[in-house]
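Notes follow the structure.
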Amino acid sequence: PSGEIEAWRVVRAWVRLGHTTERLRRPKTTAQALRYVWTPRVAGVATIAIELGPRSLELKPNQVKEYFDEIHAGSAIIAQWDSIPAPRRWRESYVKHATSYVRVGTPRSDSSWATPLGLGLEIVPESSPTEITAGETLPVRVLLNGSPLADFSIGARLEGRSKSAFVTTDASAPAPIVFPAKGPGLSIVTLL
């Protein structure tokens, strides 16, 4: 399937719970995903991170506008693309850095979720990411190679929704991700 991720693309996979960080090993390949098995040993908020190696792609000219809408591209990026004379080609190489937070039991004093794991591009919550309810805000910092990233769009989308709500980062203050409604999951999307 086109959405399948091959195990060889995984550069690093690990989980941190409290003061312990473990590598995730030997994923099982299924029809639509790689599946890692991990057994937590204590209560807390687990931070699970996967880093994928580079992949290259080329977009057709008619796909570029859709891509710009998806990433909430600013006017400077759009103007730069529009200034390229025909025939234009969009080629890119990208990596993926994904993080998930999972509540294990009843966390008592685990705030390890607030500590960066060292991903190239990382979204770090400023409050517990597993205790947010509808209408509340989750403040996050966006780090590029460990440093705060300013003027960067990040989008949040509830599972099953097709549109993201975007906010722009500020290097000196957290970006506010709003949880607009109840939902089974929230994805925070960044594209650099």
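Quick note: residue numbers are just sequence positions, from 1.
Between the CG atom of Leu119 and the CG atom of Leu121 there is a distance of 8.0 Å, given to the nearest 0.5 Å. Atom CG of Leu144 and atom NE2 of His97 lie 8.5 Å apart (nearest 0.5 Å). The distance from the CG atom of Leu143 to the CD atom of Glu122 is 6.0 Å, given to the nearest 0.5 Å. Between the CH2 atom of Trp14 and the CD1 atom of Ile50 there is a distance of 8.0 Å, given to the nearest 0.5 Å. With values rounded to the nearest 0.5 angstrom, Arg23 atom CZ is found 9.5 Å from Tyr36 atom OH. Between atom OG1 of residue Thr47 and atom CH2 of residue Trp113 there is a gap of 9.5 Å, rounded to the nearest 0.5 Å.
Arg55 is listed as a side-chain neighbour of Tyr94, based on a closest heavy-atom distance under 4.5 Å. Counting only heavy atoms from C-beta outward, the side chains of Ser56 and Ser93 approach each other to under 4.5 Å. In this structure, Val140 and Pro174 have side chains that are not in contact, with every pair of non-hydrogen atoms separated by 4.5 Å or more. Side-chain contact between Lys96 and Glu51: absent, with no pair of heavy atoms (C-beta onward) separated by less than 4.5 Å. Residues Ile177 and Thr137 form no side-chain contact, since every pair of their non-hydrogen atoms from C-beta on lies 4.5 Å or further apart. Inter-residue side-chain proximity for Tyr101 and Pro125 is flagged as met; some heavy-atom pair is nearer than 4.5 Å. Side chains of Ser127 and Pro139 form a contact here, defined as non-hydrogen atoms less than 4.5 Å apart.
Within the 3.5 Å criterion, the main-chain N or O of Thr115 finds a donor-acceptor partner in the side chain of Arg16. Looking only at distances, a side-chain donor or acceptor of Arg103 sits under 3.5 Å from a matching main-chain atom of Thr130. Here the side chain of Thr169 pairs a donor or acceptor atom with the backbone of Phe152 at under 3.5 angstrom. Looking at Asp170, its side chain never comes within 3.5 Å of a backbone N or O of Ala150 through a donor-acceptor pair. For the pair Arg9 (side chain) and Gly53 (backbone), a donor-acceptor distance under 3.5 Å is present. Counting only distance, with no hydrogens or angles, the side chain of Glu131 and the backbone of Ser128 share no donor-acceptor pair below 3.5 Å.
Both Val64 and Ile77 are part of a single hydrophobic cluster, where members link through side-chain heavy atoms under 4.5 Å apart. Cluster membership for Ile154 and Ile132, using ILVMFWY side-chain heavy atoms within less than 4.5 angstrom, is shared. Both Leu34 and Leu24 are assigned to one and the same hydrophobic cluster, defined by single-linkage of ILVMFWY side chains at heavy-atom distances under 4.5 Å. Clustering ILVMFWY residues whenever any of their side-chain heavy atoms sit less than 4.5 angstrom apart, transitively, puts Val10 in the very cluster that holds Ile48. Hydrophobic cluster membership is shared by Trp90 and Ile78, with clusters built from Ile, Leu, Val, Met, Phe, Trp and Tyr side chains linked at under 4.5 angstrom.
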inquiry  = Pair Ile123, Arg141 - check side-chain contact (heavy atoms from CB on, under 4.5 Å), show working.
reply    = CA-CA 6 Å; Ile123 300 170; Arg141 292 175 287 141; over 6 Å; no
query = Which is it for Val95 and Leu52 under the side-chain contact (heavy atoms from CB on, under 4.5 Å) test, yes or no, and what are the steps along the way?
reply = CA-CA 6 Å; Val95 296; Leu52 298 182; 5.9 Å; no
task = Given salt bridge (Lys or Arg N to Asp or Glu O under 4.0 Å), test Arg41 with Glu22 step by step and report yes or no.
result = CA-CA 12 Å; Arg41 293 175 188 82; Glu22 301 174 50; 2.9 Å; yes
task = Verify side-chain contact (heavy atoms from CB on, under 4.5 Å) between Leu17 and Ser112, making sure each step is shown before the conclusion.
result = CA-CA 7 Å; Leu17 181 56; Ser112 61; 5.7 Å; no
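Taking the salt bridge (charged side-chain N to carboxylate O under 4.0 Å, His left out) definition, one finds that Arg88 meets it with Asp82, sequence neighbours left out.
Atom CD of Glu58 has more than 12 neighbouring heavy atoms from other residues, nucleotides or ligands inside a 6.0 Å radius. Under a cut-off of 6.0 angstrom, the local environment of CG in Asp151 is sparse, with at most 12 non-hydrogen atoms contributed by other residues, nucleotides or ligands.
The distance between the ring centers of Tyr67 and Trp81 does not fall below 6.0 angstrom.
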